[in-house]
Structure formats: structure tokens, C-alpha cells
Amino acid sequence: MINIASNKYADVEMSGNTCFVGTNNFGKTSLQRAILFFYSANSRGLGISASQKPFEEHYFRYENSFLVYEVATEEKNFFVIIYRHHKLNFRFVDSPYNPDFFFNENDEALKIGDVLKKLDKFGIYYSNQIDTFERYRNILYGTETDKMLSKFHILRGNEKYQNIPKSITNVFLSSKSSIDSRFIKDFIANSLSSESTSIKLEQVERQLRQFNEKYTDIETYLKKETQQLIELIDKKFDQVKMLKGSQLEMADKLGSSLKYAEVQNESIRDASKQKEEELDTLQNEHNAQKEHIEGKQQDIREEIGYYDRTIREANKKLKEYQSQNIEDAVEKNKQREQLQVELNMARKEYETLTSNVSSIELKYSTLMEQLKNERGSYINNINAKTSTIFNDYNERQLLAKNELNKKENELKQRREDALADASAEITSKQIEFNELKSEEKVIRNTRFYEAEIKQLETELAELRAVTYKNRSEKAIKSNLIQTLQKEWEATEAKIKSSLANQVTKVNNEIIKKKTEIKEIEGKLEVQDGALYGFLEGNIKDWHNTIGKVCNEDILFRTDLEPEVQKEVINSLYGVSLKLDSVNIVSKSLEEYQGAKNELLAQIRELEDSLNQFQVSNNEEKMLAADRYGKQLGELKEDVKVLSYSLELAEKREKKLMLELDDWKQKASEEIEASLSGNRNKFNLVEEELSILNKKKNNMLNDFNLQFEQLRAYHLDRIADLKERQEAEIKDIETEKDKTVASFDAKEKEMNEEKETSFKSKGVDSKQVKEVDKKIKQIQEDIKEIEQYSQIVNDYLKDKRELFDKLPDLIQKKEEYMKSSQELNNQLEEANRKFNLKNMELRKQKRSFDEELIEFNNGINYFTKNFRETPVYNKYEDVIERAEPKKTNYSVMDLCTQLLKNDSHFNEEYGAFQRYVNEFAGKFRMDNHFNFMIRNDASQAEYERFAQNVSNFIHENKIELSIAETATQIGLVTDSIASKVKELSGQQEKIQHIITLIADDFKKAEFEESKLIEFIKIKLEESDNKVYKMLKKIEEFKDEHGVFYGEGLFNTDYATGGKNKEINNRAVKLLENLRLSIKEQEQEEIRLQDLFELKFNIKEGMNETGWTHKIDSIGSTGTDILVKAIIYITLLHVFIKESSHRSSKAFKVHCIIDEVGQISAHYLKELLKFAKNRNIMMINGLPNKSGLESHYKYTYQFRREEDGNVRIFPSIVTEVEA
Amino acid sequence: MENTNNNTGGNISTNVKLPKQTHDIFAIMARGHFISSNGTKDGMNRLYDVINNPENFDNLQAYFNVIRYNIERGNNFFYFAKIDEANSLIEKKLESFEKYIDIIDLFASMDNKITIGSRFRPSEIAEECNANVRLKQKLQKIPLYRSETLSNKVREICDLMTRDSFLEREDEESETYKVLDSYTYLMDIVNSIAIYEDTGNSGTEPAGGIIYN
């Protein structure tokens, strides 16, 4: 040691049992640690507590601090330098140690560079800087491959060489005086195992927890109540979506309607005004036209009246003429001239005849004339009288007639007036009636809400077309789903069968390998008692001789009883053979072990490959699940969407149908309403019309009666007058007849006198009489004719002026009548057109007005009753963003409906949220499905959650999760089983070591001293609960082979039932393991947890019995001795186990501190025991007690004044070693 | 609550196969607590599944009837009812229930209503109460002792409800509580409360107040 800790220089010889004597805190343990570091080269495994300075800092304080170990082999000496250059480094130097290498002429320690220069100067080989502990150990224990460094091997270690430093370390570190089997267990286990051979329970627990969590999640998911909740969520979500959609639609409509109302308000107002103006114009135009037509009608009526009157008068006159036999009169009048001629001729004849008696004639003519005149005068007088009377009465009659006429005219006038009034009234009613009639006709022909109905019909047709398309698409997609499902099932079946095949194949191979391993193990087990063991122990290099000619069967036979015969040692039954070219048949134990390890590795590889296959198979399965699941999910989603749209379409169709019916109903109601209004009016007008007609008729009858009464009175008066006239005239006529008769008698008398005179004068009186008679007759005729001449003249005049023109008049009247009719028609048509137009315009105006009112009402309602509500806030965006558009709904209706629907929506949404909360609450907070919803989640988050659940179902993600979990249970089980197997694999080694230890104990020569009769050791099964559970899982795996959790959740009824029991067992085992781990709170399962060790020690009469812990067997010394014996045995066994058999014997140190309480006798026994096992003891003693005399070297420790510790040899005596 | 399994006899445990969790079940329910299907602490959901198994249920019912307990089944939860319980005890229970009326009223008045399965932190409720005068008043009205801050009061409510197995503290770190299925029991009781007015025309009727159906 050069400048190590508080020691400047110490040179300690240790080629035998060595003892350090010194009081506490003088550096005994530090020195022992430095020795231990040579073997272990692990600065952290030296038992330095965390509160102390690390090894590097405590030991290597300076640049020129060195630990130098000199090793003596059979051939030569070499040494190792350990120094610190940032970290600890090693150099092997091929030379015996010489302090000069490290010091200068002033005895000052050199730095490593200078040391190396010195070595170079001396031409000494030294290794490169070795900067890892591992490599240093590899060089020291003979596993380094660099041939240049092989000279520095202290032995030829095998793969287990690490046990040697471990064992030495463990012995040093176990300072307890009591012997606890746990320590021995740890000792054995630590020597056998490395860090990686333990089962990290944290890792296992994590795997188990992950599995358990997934399993619980899936189990929760598959529960009936959870499934019910999913259905409820799905259903409610659809409802909520639909409601929300309809609310949004309605909000949009509301926005559109509002904007439309705002935009249209002014224009509708203008339009209404315009319509009003149009109505006025129409009315004016109509009035003008009507006036014009009526003017014309009036003219025509006057014309007709004139013609009618003229015709009537003409007819009347004609009738009157006819009643006076005008035709005869006219005929007779035509004969008047001829009669005049005849009269003149008769008069000439008369004159001729009476020319002889002219005086008589004259006399008588005068007399006659006189008489005639008298008569004439009398008649005239009478006639005058009669005429006066006649005239008087005629006058009276005329007066009466005039009066009648006057009265009749008055009455007529009244009648005309009344008639005119009534007719005007009737006409106006008739017009009204006609208007109503044409209005009804118009109404009947009007299609109310035509636009709406048409729009609905179009929408319905489009909807039906889309529905038809969706239906076919749904059918196609459903078929596709079935096909994909079948494909998926086929793929899964293929994957499963390929896995099963691979499992069978690999299991067969594993079984085969295991058989081979068993064979090797059989050989290894029997080798000690067989020829092989014998040869190993007794014949050097037998592999090169016997090994070449002896087959394995013979080598491992135990019944051959081999013995060494010196004579034939290099021959085959005395025959020597040159075996250089013969191959070695036999194998070394290491080779068997190697072969076994290789087979084990192959099994592991096979298992790994199977696992890999399983993983890839699962991946394939998952890929298929992913591929098909995704496709199926998408398709199912599509089908769902289609079903949903079909459902919606159906609802929409129903709604549209209802709307259409509504509109139609409304239209017909509108028609009916209009018609009923019209009809009422119509009936009223009709009734009024009939009343008016009746009234008119009554009035006419009344007037007729009055006329009749007037006429009757008049006729009565006339009759009376005529009666009186006739009576008076009759009286006068009677007198006249009397007087005329007297005149006629007188005339006759005169005529007779005359005749007598004529006769007396000879004149033919007869001829004169005849001529006279003829003259009289003609005169009579002319007189008669003249009597009618006035009437005839009048008649002829009338005929000329009236009667002949009558056809023309009639025709003209008819023409006027026709014109009048035409004008009537014109008026009627104009009225009809006007009414129609008027109605249309009024309707339009009314509709504008109504719309305006509705808009204003809507806007008012919206402002007062809607804008302040939360519903508005909710849909503000939609409402405010909407485009102005006319909708079929009023703003008020939309507001009311939105408010109403919102309360319904809130109810439904509340239920939806409740279901989501309940559903999510069923799962763990961090469940692997990510079914988690915060309490303050927004609506969007709730909807996203429901959407995710829906996607989860439609993409059948549960299957994927189940597959993953099933794989996981397989992998976890497998991983645990492999780990347990790997760890349990060491159990054989433990058994082997324990056997060796037991044997070594047996070999101990305790019998001589009888101090310790025996030390027995035995293995027992572990009572570690976790390990037991782990073991059960391994057994489960062995029983069921590669387990891949098929039908873990019993969703696949084809396989679920079969595997149910196995799955349940597996799940239960894993759960129990998890609970055990949690309960036991152990970090890892190490080799020492796999078994229990028990000792039985007998010292003198004291026997401990089989026990885990030996607190005191006897005195403390005895205990230390036993402990040391056990350590030495362990060390011996491990050294033997960790080096090649071909390795030459070598010695190691066993460092046990504090052996002060051991008795000299015991120490002697102990040192002897160690020596027999090539072990040199290094012990610490607190002070000199005589015990040191048993050691080859004894060093004392003393603290100098400067605080440094000096180590110096004390007594160098070896009493017995 | 009548005993439906009086004829099971005293040696029932020897005749029927009881689940191994019987003791755990009894330990929870005999304290007047509930076993809810969505509870996760101490394997509550597993215990629920055990009781919910029809075979186990019958056996457990028969077994507990002997000691005069009846297992009552709610919507996804179980609890014990004492057979022939004294009226005075029932009255006491009702009295102790009264404070829950205000708590449920508060929970139901939150913006995000607290329902079965809801997960929340007391601080969230306290914040909402702080921001809403109505809720604040409701919270302040609840007669509990530790009322220096709203948060503490809510915490106290949560502790009380957790103790009575209506809530579960699911995550210690984030102080997250979950509402268990047994909350339905509270809701049912509150829903069965009938409030009547004193009509004043009948001398025999008691004064206005609440009665429990």
C-alpha cells in the first residue's frame, strides 16, 4: 500500500495464514478490505456504509496512491498496480514487486506515469490500462481472451468464476456471530446468481396489474348492466343529436325568418301600399268603364223606349182603324169619284125629263125645298141639339178621360219611379249576385298555398328518391358486412389453427429437447459413481486416451469397478495405441453441461420463437381484427348512419306528408272559408234579390190594381154619362121622328099633288121618279162615303207615316235590344274582371298586411320573450349567422317551439348525461378504454364520449381488447413461468452445492478432536408465499403448455365453454399472485427464496436439531468456529465449482475479521481445516492474546504521532499450519 | 321489512355453501354501509358480484336472516336492513338523514349535476358555489362543523358521504371522488318525501312539514 488512506507505505506478506492485531479504528478492516478488493475488484461490494467515504476517495487520496498486489504462481511472480486516474485503473506488470519502481531516490512515491517510465526503463512488460473491474476480474480469473494477458491468470475459471470473489466477499461481510440459514442461503444464492437471475416482482406486479386492470375493464364492459347502459347511451345520444339537429335547424330558420322579416319589412310595406294604389286605380278604371257602358245603355234604352212606344202606338192606331173597318172605308172611298160621275149623269137625265113642267116642278121643288129646308132646319136643329148634348157628354167623357189619363199618368209615373227604384236596387243586387257568383267561380279555381304544396311535393319526391337509394345502399352494405364477417371468421380460424399447429410443433420439439436434457442430466448424475467419474478423478488427460476409444455407454456405466493398474496406464488392455489421429469420443463434464445449456437455450429459443410466433400470430389476429374491425366498423357505422337516415327520412316523409295534408287541408279550408263567406253573402244577396223582386211584383200588382180601379171608376162614369146622353138623345130623337114623320107626310102629300099636276100635264112621272130615286141613292152613297173620308184620310196618312215603317222600327228596336244585351254582357264581363282582379289584389294586399303584422309580431315576440332567454344564448351563433330566407314558420312559432323543445332537450340531455356518468363511473378512472368523463365536461365532451362509445361498439374494439388481454394473460403466464423456470433451474445447482457442502462437512476431520461431531445441512421447500404462487403458475403452464387465453371472456361460445375452467384458473392464479406480492411487499424473488436451508450441528453433547438459525451452539468461540468452518467450506466448494478441473491447485484467502474469542485449540483446528482446502486465513484480532502464534504472519497496527498508521510485522512464527 | 327467510334455522352455516367473502360482506354492511357495483375500493365491485350471484344471494340471505339481518337489493347496490327494527331507531336514522336532504339539493342544483358515476373534486364544487350565490347559500345552510372555508365544508361533506359509502375517494392525489350506485338510495328517499300544506280546516292533522313515505 503506497499512500493508501492514512498509511504511507505498508508491505504485507500474506502467503500463509495472516493475522492483523490492532485496536479498533487503527485500519485493520481497511487493510482487509484492500485485500478483498484484490479478489472482488468491486468498490461497492466491500461493506462500506453509505455514511462513509467511498472506497476510491478513502483509499486513493493522492495521485501517487497505489495498491500493489504481488501474486506468486508456480512459474513466476507478477504484480497488479491499482491507481486512481479519475476512476480506478489496473495494470498487470510481468515482474516481481520492487519498491524502487514506485519511489524516487528521495523515497517519494512516484506518479503512475513515472512508475511506467521506470518499468519501461527496466524493460518490464506491463499491460495496458485496464479501466473496468470486469476486465480485471476476467484477466485474474482466467477468462480473458487476450493471450498477452494469459500470463496473469491466477486460475482457469469457468463461467461461474464470479462465485470466487463473491464467496470471499460474502465471508468477509458476514460479521454476525449467529449463523442464520438466511445468510448461508444468500451466500449460496449470491454466489450462484447474478442480478438478472432474480424475478423482479415490481415488474411482475406491473404486468399483473396491467392485466388485472384490463381484465377488470373488460369484465365491467361485458356486464349486463353496462351493456344496458351502452344501449341507453346510444339511444339517448341519437335522440339528443336529433333534437339538437332539429333545434339547430329551427334556430337557423328563426334566424332566417328574423333576417327575412327585417329585410322584407320595408319592401312588404311598399308592396302593400302599391297594392292599395293598384286597387284604387282598378276601382277608378272600372267605374269609368261602367259609367261609359251605362251611358251607352241609357241611350240605347231611350231609343228602345222610343221605338217601343212608336210601335205600340202604331199598333194601337192600326187596331183602332181596324176596329172601324178602315179597310171597307178605304175601299168605298175609292168608289167616290165614280159615284160623283153617276150623280152628274142622273141629274142631267132628270133635268131633261122635267124641262116641260119646270114651273110645276119649280113650284113643287120650291115647296119641297122649303119643306125640306124646314125639315132640314128642324133636323139640324134637332141634330144641333143632339150634337150639343152629344158634345156636352162627349166633353164630359173627354174630361173624364182626361182625368183618367191624368191620373193614369200620375200613377204610371209613380209606378215608373217606384219600378225604377226597385229595378235599380234589383240590378245592383243582381250585379252583386253576379259578382259573388263569379267570385265563387274564381275561388273554386284558385289553388291556395300552391307554392307550399308544390314545394312539399317536390321535397317528398326527392326524399323518396334518396330513401330508395339509401335503402339499396344499406342492403348492399349489410351484405358486405356479412361477407366481411365471414372472411374475418375464416381468417381468425386460420390464424388460430396455425398457432395451434405451431404450438404442437414447438411443444414436440421441446419435449424432444427435454428428453435429451434428461439424458445428459442422467449422465451427469451418475458420472461420480461411473467410469467417467473415476477417470476424471484418477486419470490425467484421459479424454486424450481412453476418451478416444471408449463409447459413452461404457463411460457412464456404474458397474465397471475401475481400478488404476500402473502397468497398463498408457495402453488399452496392455496394447498401446497411437491415438493422435483418433478423434476424442468422450466429452468433458463442461461439454455435457454446455450441451445441456445449449439444449436449454434451444428450448428457450423454441419457447421464445413460439412466443414470438404467438405475438406475431396475435399481431396478425389484431391486424385482421384491426383491418376487418375497422372495415366492419366503418360499414356498420355506415349502415347505422343509413338506418338512421332512413329512419329520419321516414319520419321526415311522415312529417312532410302530414305537412302536405295540412297544407291541402288548409287550402281546402281556405277555399271553404272563402266560399262560406262568399256563400253567406251570396245567400244574403239572393234572398235580398228575391225580396226585392217580390217587392217589385207587389208594387206592380198594387199599381195594376190602382189602374184597374181607376179604369173601372172611369168606365162607370162614362157609362153613366153615355146613359144620360142616350136618354136625352132618345127623347130628342123620338120628337124628331115624330116631327120628321109629319114632314114626310107633308112631303108625300106634296109629291102626290105634284104627281097629280104632272099627270095632268102629261109627264111620265114614273121615269122621273126613278131618276130621282137614283140621284138620291147616289147622293146617299156619296154622303156615306164622305162620312168616313176624314178617317180614311187620317188612316192613309198614318199608314204612310207609321204602318208602312213598322217593320223597320221593329228591326231597329231589336238591333238596339241586341246592342243593349251586348252592353250588358260587356258590363257583366267588366264587373267580373274587376271583381276578380279586385279580389286578387285585395288578397295580395291582405297577405302582405298579414305578413307585415306577423313579422312585427314575430320581431316583438323575439325581442320580448326570446332574446333574454338562455336558449337564445345557446343558439345565438346560428341565429345571428343565418341567411335571410323565407320559411314556412312564423317567428313566434319558431321561438315558442325552440323554447318548448329546449326544455325537452334539457330533459333528454340530462338523462343522457346521467347515463354517460353512470357508464363511465363503472370503469376505473384510468381504464384502458379511456371511458372517462369529467364532472364539468362540456356538452361537446359528453357527445364526443358517446361518439367514442358508439365507435367502440361499431368497430368492435372490445374484441381487439379481449384479444390483447387474452394474449397478455398468455404472455404474462408465459413470462412468469419462464422466469420461474429459469430461476428454478438454479435449484439443481443449489442442490449440487448443498450436496458438496454436506460432503465437505462430512470430510471435516472433526472426529479427531471430537469438538464438533457433525455439521449437517439440508434443503427444504421454500415457504415464500409469492414463490409458491409463482411456482403454481409455472405448473399451470407446464400442465397446459403455451396458453393463449382463448375464450377468456366467454364471448366466443364455441370455445369459451371448453376453456372456461382453464381461463378462470389462470385468472385466479394471477390475481392471487398479485395479492401475494402486494401483501408480502417483496421487491424480488431471488434464488434464496426458492428453498429453505436447515442445519443440524452437534458439538459435544449439544445438538441443535434441524433449524434455520443457530444462535448458540456452545460458547461464542464455538460459534465463531462453526461459522468459520461453514464459510471455509462454502468458499472451498465454490472455488472448486468455479474453476476448471484442469486448473492447477491454487490458494485463496478467507478473510474473517474479529476471531478474538476463539480458543487457541479451535483456531488450530480451524486453520488446519482451511489449509486442507487450500485456503489461507486472514483474521483480525483486537490485541495480542497468543492466538497470533498460530498464523504464519502477524502484523501489528500502530498510530504514529502524525496520525498515520504504521503496519509492521510482529511475530513471524507458524506454529501449525 | 319482513323476514322472508325465517325457516332457515340456526345451523344454516353448516348446511349452505357460503362464499369466502361472507365475512367481508358482513363487515361492510353491518356497519350500515352499502356495497355498490361501481365501487372499486377494497374490491367492492367484486363483493357486489358475489352477492349478486343468485346462488350466493340466497345462501347469504338465509345466513344473515338468522342473525336478523335482511339483505336489501337496490339498483346496483346492496345493504342490510335490520328485521323488526325498533321505531325509535328508525326515527334516529331519519333524523340523521335530514342533512342529506340539503346535500342532495345542493348536488342537484349544480350546473353539472352530480349523478351516479360522476367524478368530481371538492374544489370544483367549492368554486362553483363561490361563483353562484344561490349555491353558496345552499352550501352554507348545510349544518356541519368545519365551515371556515367553502372548500373545507365541501370536503367535510365528501368525507361524510365517503364514510357512509355514498362516495368513494377514487384518487388520493387529485382528491377525486366518485359517486357510487348507493347514491340512488338517497335519491329514492328524497323522492319519497311528501311535502304537505297545513290546510287549517282539520284539527286532527299535524302542522305543515315533511313526511316520509
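Each chain gets a letter, A, B and so on, in the order the sequences are listed, and its residues count up from 1.
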J.: Which one of B:M110, B:E124, B:R46 has the most heavy-atom pairs closer than 4.5 Å to chain A?
T.: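 Sorted descending by pairs with chain A, the first entry is B:R46.
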J.: For chain B, which candidate among A:Q913, A:R934, A:E918 shows the most heavy-atom pairs at distances under 4.5 Å?
T.: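 The residue among A:Q913, A:R934, A:E918 with the greatest pair count is A:E918.
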J.: Output the option from A:N917, A:I933, A:D936 having the highest count of non-hydrogen pairs under 4.5 Å with chain B.
T.: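 Max contact count across the listed options: A:N917.
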J.: Please say which of B:I51, B:N52, B:N76 ends up in a side-chain contact (heavy atoms from CB on, under 4.5 Å) with B:S37.
T.: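 The single option meeting the side-chain contact (heavy atoms from CB on, under 4.5 Å) with B:S37 is B:N76.
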J.: With salt bridge (charged side-chain N to carboxylate O under 4.0 Å, His left out) as the test, would you mind laying out the steps for A:E1071 and A:K1068 before giving the verdict?
T.: CA-CA 5 Å; A:E1071 176 63 8; A:K1068 218 168 185 172; over 6 Å; no
J.: Could you look at B:D181 and say if it's the side chain, the backbone, both or neither that has a heavy atom under 4.5 Å from chain A?
T.: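 For B:D181, the contact with chain A is made by the side chain alone.
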J.: What residue in B:T115, B:N45, B:L180, B:I116 has the most heavy-atom pairs under 4.5 Å with chain A?
T.: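 Between B:T115, B:N45, B:L180, B:I116, the count favours B:I116.
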J.: Decide whether A:K236 and A:Q239 meet the rule of one side-chain donor and one side-chain acceptor closer than 3.5 Å.
T.: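 Per modelled atom types, A:K236 and A:Q239 side chains form a pair under 3.5 Å.
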J.: Anything under 30° is parallel, anything over 60° is perpendicular, the rest tilted; go ahead and classify B:F26 against B:F64.
T.: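 Rings of B:F26 and B:F64: parallel, under 30°.
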J.: Pick out which of A:F919, A:F237, A:F929 makes a side-chain contact (heavy atoms from CB on, under 4.5 Å) with A:V949.
T.: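 Of the listed options, the one satisfying the test is A:F919.
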J.: Is it the side chain or the backbone of B:S36 that comes within 4.5 Å of chain A heavy atoms, both, or neither?
T.: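 Neither the backbone nor the side chain of B:S36 comes within 4.5 Å of chain A.
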J.: Side chain from CB out, backbone as N, CA, C, O: work out which of these in B:S174 comes under 4.5 Å of a heavy atom of chain A, or both, or neither.
T.: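 Contact with chain A involves the side chain of B:S174 alone.
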J.: Distance alone, cut at 3.5 Å: any donor-acceptor contact between the side chains of A:N927 and A:Y221?
T.: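 Not at all, the side chains of A:N927 and A:Y221 share no donor-acceptor pair under 3.5 Å.
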J.: Do A:E964 and A:S961 have side-chain N/O donor and acceptor atoms under 3.5 Å apart?
T.: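 On atom types as modelled, these side chains do not qualify, holding no pair under 3.5 Å.
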J.: Is B:K113 close to chain A through its backbone or its side chain, or both, or neither, when contacts mean heavy atoms under 4.5 Å?
T.: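 Contact with chain A involves the backbone of B:K113 alone.
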J.: Checking B:R121 against chain A: side chain, backbone, both or neither under 4.5 Å from a heavy atom?
T.: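 For B:R121, no heavy atom lies under 4.5 Å from chain A.
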